[in-house]
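Heads up: the structure comes next, in structure tokens.
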Protein chains: 2
Amino acid sequence: MESSDLKKAGLKVTLPRMKILDLLANSPDRHLKAEDIYKMLLDAGEDIALATVYRVLTQFEAAGLVTRHHFDGGHAVFELNDGEHHDHLVDIRSGRVVEFYDEIIEQRQKEIAREHGFTITEHTMILYGHFDDDKEDAGRD
Amino acid sequence: MESSDLKKAGLKVTLPRMKILDLLANSPDRHLKAEDIYKMLLDAGEDIALATVYRVLTQFEAAGLVTRHHFDGGHAVFELNDGEHHDHLVDIRSGRVVEFYDEIIEQRQKEIAREHGFTITEHTMILYGHFDDDKEDAGRD
DNA sequence: ATGTATGCAAAACATTTGCACCTGG
DNA sequence: CCAGGTGCAAATGTTTTGCATACAT
């Protein structure tokens with residue numbers, strides 16, 4: 001039912017768009033950079049251009065289907081937007097990303113914004129580090 | 001006393017390094033991108049190369065003198081490291097940046113990391129939005 | 001058909017690197 | 001003097017854009 005999401009976003013249902021949406025929805029790694037997606041599609045035998053991947057991701061972001069993050073590393077990563085905000089733990093050794101949500105932090109953010117007369121439109125919080133035991137949290141991400 | 005900071009970091013005290021450190025310490029905007037610094041130095045009549053600015057900033061970062069942030073926008077911004085961690089409010093209309101620190105959030109971050117068996121080496125939290133009244137908070141940043 | 005999307009190649013940026021020359025200690 | 005630093009130009013990596021062709025509706 002990805003195609004309905006595309007239509008809802010006012011985007012024509014094309015092969016590249018469906019393939020990219022499918023990858024974002026079904027890849028074991030929810031956080032992908034443009035080139036990852038490009039290579040995965042090439043490997044899957046698709047005839048796609050990297051420029052198209054960037055164009056589609058940018059359109060998806062504008063349509064709210066996808067969120068663009070700027071983790072360290074000089075490139076953006078894209079993640080399917082499931083409608084629920086969350087923040088990230090990023091393992092700088094393995095690159096593994098785990099999502100989390102904390103109500104207390106969200107509340108404090110709002111409070112801090114209010115104290116500063118600031119209206120938040122979005123926010124990111126990234127904890128960089130490493131998992132002490134990389135076997136435990138495995139189910140997450 | 002910037003030169004002592006340089007020596008302490010094991011870096012020769014050279015003109016470009018002192019000029020850049022000086023800019024970072026005295027610019028009204030604490031958060032500068034490499035090209036900002038480069039242009040400011042050119043305007044000040046310095047004969048410096050953009051490559052040098054990048055090299056120096058990278059060395060400063062390695063030495064802990066400076067922190068590199070990846071706000072939205074496809075470029076890094078650098079900030080003098082005053083030793084105290086803080087997070088950022090970024091006005092997406094004016095580009096104005098205000099720093100803040102919240103003990104409750106810091107505590108929750110540690111707790112969340114612990115719950116995930118994760119060791120934090122660093123973290124960033126950025127609230128994007130806009131100041132409701134841009135006259136009020138002016139003293140900050 | 002017809003406006004939009006795509007592929008390809010080139011361009012635009014941000015950042016890094018090789019190398020000959022210069023400079024600080 | 002001499003290791004390390006700098007300027008310049010070229011290289012790299014990421015993302016964007018122009019344009020002719022191909023495709024969805």
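Heavy-atom basis, side chains included; hydrogens, waters and symmetry copies ignored. Keep in mind it's a predicted model, so treat the numbers as computed, not measured. Sequence lines set the chain letters: A, B, ... in the order given, protein chains first and strands last, and positions in each chain run from 1.
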Nearest to the [X] side chain among [options], which nucleotide is it?
X      : options                   : value
H75(A) : dG5(D), dT25(D), dT15(D)  : dT15(D)
A34(A) : dG24(C), dT15(D), dA5(C)  : dT15(D)
T52(B) : dT6(C), dG7(D), dT16(D)   : dG7(D)
L15(B) : dG24(C), dT14(D), dA14(C) : dG24(C)
A51(A) : dA9(D), dT6(C), dT17(D)   : dT17(D)

query: Under 3.5 Å, is there a donor-acceptor pair linking the side chains of E35(B) and H75(B)?
result: no
message: Any donor-acceptor pair, under 3.5 Å, between the side chain of R55(B) and the base of dG18(C), if you only look at N and O atoms?
response: yes
field: Test item: R68(B) side-chain N/O and A76(B) main-chain N/O as donor-acceptor pair under 3.5 Å
entry: no
Rounded interatomic separation in angstrom, taking [atom1] from [X] and [atom2] from [N]:
X      : N       : atom1 : atom2 : value
L6(A)  : dT4(C)  : CG    : P     : 17 Å
I37(A) : dT15(D) : CD1   : C1'   : 14 Å
L57(B) : dA14(C) : CG    : P     : 15 Å
D36(A) : dT15(D) : CG    : P     : 11 Å
I20(A) : dG7(C)  : CD1   : C1'   : 13 Å
E35(B) : dA12(C) : CD    : P     : 15 Å
I48(A) : dC23(D) : CD1   : P     : 14 Å
K33(A) : dT15(D) : NZ    : C1'   : 13 Å

message: In terms of relative ring orientation, are Y101(B) and H85(B) parallel, tilted or perpendicular, with 30° and 60° separating the classes?
response: perpendicular
message: Would you say that more than 12 heavy atoms from the other residues, nucleotides or ligands in this model lie under 6.0 Å from the CD of E84(B), or not?
response: no
message: Check this one for me: any side-chain N or O of T14(A) less than 4.0 Å away from OP1 or OP2 of dT4(C)?
response: no
message: Just N and O in the side chain of Y54(A): are any of them under 4.0 Å from OP1 or OP2 of dT16(D)?
response: no
task: Give one of base, sugar-phosphate or nothing for L50(B), where a contact means two heavy atoms less than 4.0 Å apart.
output: base
- line: Residue pair A76(B)/K12(B) against DNA chain C: nearer the 5' end by closest nucleotide is A76(B)
- line: On DNA chain C, more 5' by nearest nucleotide between V56(A) and V13(B) is V56(A)
task: Answer yes when D5(A) and K8(A) have at least one side-chain N-carboxylate O distance shorter than 4.0 Å, and no when they do not.
output: yes
